[in-house]
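Residue numbers start from 1 in every chain, and the chains themselves are labelled A, B, ... in the order their sequence lines are given, proteins ahead of strands. What you see is a predicted model; the values in this text were computed from it and never measured.
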2 protein chains.
Amino acid sequence: MSKIIFRQLFDAESSTYTYLLGSNKEAILIDPVFEQADRDLKLVNELGLQLKYAINTHCHADHVTSTGLIKSRLPHVKSMIAKVSGAKADIHLLEGDKIHVGDLEFKCIATPGHTNGCMCFYLEKEGVLFTGDAILIRGCGRTDFQQGDSGRLYDGVWQKIFTLPEETIIYPAHDYKGNTSSTVGEEKKLNPRFTKSKQEFIDFMKNLGLAYPKKIDVSLPANLECGIDYKPQ
Amino acid sequence: MSKIIFRQLFDAESSTYTYLLGSNKEAILIDPVFEQADRDLKLVNELGLQLKYAINTHCHADHVTSTGLIKSRLPHVKSMIAKVSGAKADIHLLEGDKIHVGDLEFKCIATPGHTNGCMCFYLEKEGVLFTGDAILIRGCGRTDFQQGDSGRLYDGVWQKIFTLPEETIIYPAHDYKGNTSSTVGEEKKLNPRFTKSKQEFIDFMKNLGLAYPKKIDVSLPANLECGIDYKPQ
Ligand SMILES: [Fe+2]
Ligand SMILES: [Fe+2]
């Protein structure tokens with residue numbers, strides 16, 4: 001087993017976390033952000049890695065993905081996203097699919113509800129879960145757009161995330177307060193949303209009163225096409 | 001050996017990283033930020049930890065420390081900083097001192113140059129180094145205030161940091177581009193400042209042309225007193 005390279009990267013404008021993982025010279029980027037492509041590809045290069053996959057946990061509404069931009073620069077890179085998302089990609093993922101990067105094996109776990117195409121990526125051996133917006137640290141993604149469904153989200157989190165070992169480290173797609181990670185055990189006990197009953201959760205999500213997502217009208221159409229034709233203003 | 005708890009926390013306003021480490025129910029906060037005291041103490045509490053130490057890598061010029069505020073709430077907590085810094089604290093640290101938190105042992109490594117009282121904290125067994133501003137990811141702290149000395153900084157980094165095992169993970173006090181960690185091997189090879197010759201480094205640091213530090217006139221006097229009498233405007 002070769003050394004695993006792991007880097008958490010932050011985009012301050014959208015508060016998005018991108019994750020770079022490397023093993024045996026191969027690399028994957030999870031949720032890379034358009035404006036950070038230079039930073040991310042430079043790092044991949046500096047660490048002596050070859051980028052194999054650029055992957056999204058879901059079709060983001062708050063930033064444009066860099067998967068299309070990355071592929072235009074590095075045509076050998078394959079993009080991936082859940083099939084149900086309806087977004088373009090080289091590889092469409094289904095529940096239970098395995099992604100191999102060097103010695104790393106990611107297991108795809110469908111957790112719809114924030115969007116209908118949300119997936120978590122699970123490194124079982126390493127005890128690490130990339131949750132996208134299905135579960136955030138003490139929070140979760142909104143459910144009022146993109147075929148969101150609070151009941152499905154609640155069930156998916158309880159059935160597929162909270163049943164993993166408690167010490168599993170959670171790396172979310174966003175954090176707005178400066179937290180960088182959590183664990184399954186901690187969220188199961190302390191997440192103020194998922195510790196509610198299902199009906200309370202559904203009511204709570206219905207009454208969040210959030211503003212219309214600022215970048216959704218730009219991000220969604222762009223992300224459905226991997227951001228390939230996106231031209232920043 | 002009990003499970004180690006590790007959390008990297010970010011203050012977006014000052015781009016400061018605070019680190020929470022816990023072992024055997026005891027905890028330490030490294031470089032905690034005044035405005036984030038509620039967040040940090042809540043997390044310590046949620047994780048079932050008892051805060052033992054609140055410690056600064058140096059007397060910061062860009063934010064006010066929360067060590068004084070934390071002690072006013074939790075009087076059993078001991079604050080620590082390098083003796084040479086001239087700042088108040090319950091415990092003044094010297095080169096080679098050891099700090100024990102549960103099963104964790106931090107070794108104090110003096111790396112003056114950004115300020116005259118800069119210290120790194122080294123978890124030798126875990127292979128982790130908290131560098132403060134002595135070395136940042138692909139950068140370093142400025143040397144034009146607080147008894148800064150580029151030549152001393154250069155020598156200290158080469159003699160005391162770059163001689164550690166290459167896989168040692170570096171956690172800095174700041175990052176401005178969304179990076180969260182690096183390694184000794186990586187910085188030794190890729191840090192654009194420390195890969196210069198000593199004279200080039202000194203000249204480079206002299207000609208950075210940085211603006212006068214925005215918060216220095218508030219932060220320095222406050223931090224010399226642990227932020228105890230600090231009243232935010
Ligand atoms: Fe999202
Ligand atoms: Fe500093």
If you count the non-hydrogen atoms of other residues, nucleotides and ligands that lie under 6.0 Å from NZ in A/Lys215, is the total more than 12? yes
Salt-bridge criterion met for B/Asp38 and B/Arg73 (N-O under 4.0 Å): yes
Contact leader toward chain A among B/Lys189, B/Glu167, B/Arg138, where contacts are heavy-atom pairs under 4.5 Å: B/Arg138
Heavy-atom proximity to chain A below 4.5 Å, by part of B/Thr183: both
Check the surroundings of atom CD in B/Glu124: do more than 12 heavy atoms from other residues, nucleotides or ligands lie under 6.0 Å from it? no
Out of A/Leu190, A/Asp175, A/Thr18, which one racks up the most heavy-atom pairs below 4.5 Å with chain B? A/Leu190
Under 4.5 Å from any heavy atom of chain A, what part of B/Leu9 do you find: side chain, backbone, both or neither? both
Heavy-atom proximity to chain A below 4.5 Å, by part of B/Glu186: side chain
Would you call A/Asp155 and A/Lys198 a salt bridge, using N to O less than 4.0 angstrom? yes
d(A/Arg142 CZ, A/Leu210 CG) to nearest 0.5 Å is 4.5 Å
Side chain from CB out, backbone as N, CA, C, O: work out which of these in B/Leu47 comes under 4.5 Å of a heavy atom of chain A, or both, or neither. side chain
Under 4.5 Å to a heavy atom of chain B? For A/Ile169 that would be neither
Evaluate the criterion side-chain hydrogen bond (donor to acceptor under 3.5 Å, both in side chains) for residue pair B/Tyr212 and B/Asp217; output intermediate values, then yes/no. CA-CA 10 Å; B/Tyr212 186 76; B/Asp217 296 321; 2.8 Å; yes
Name the region of A/Asn179, side chain, backbone, both or neither, that has any atom closer than 4.5 Å to a heavy atom of chain B. both
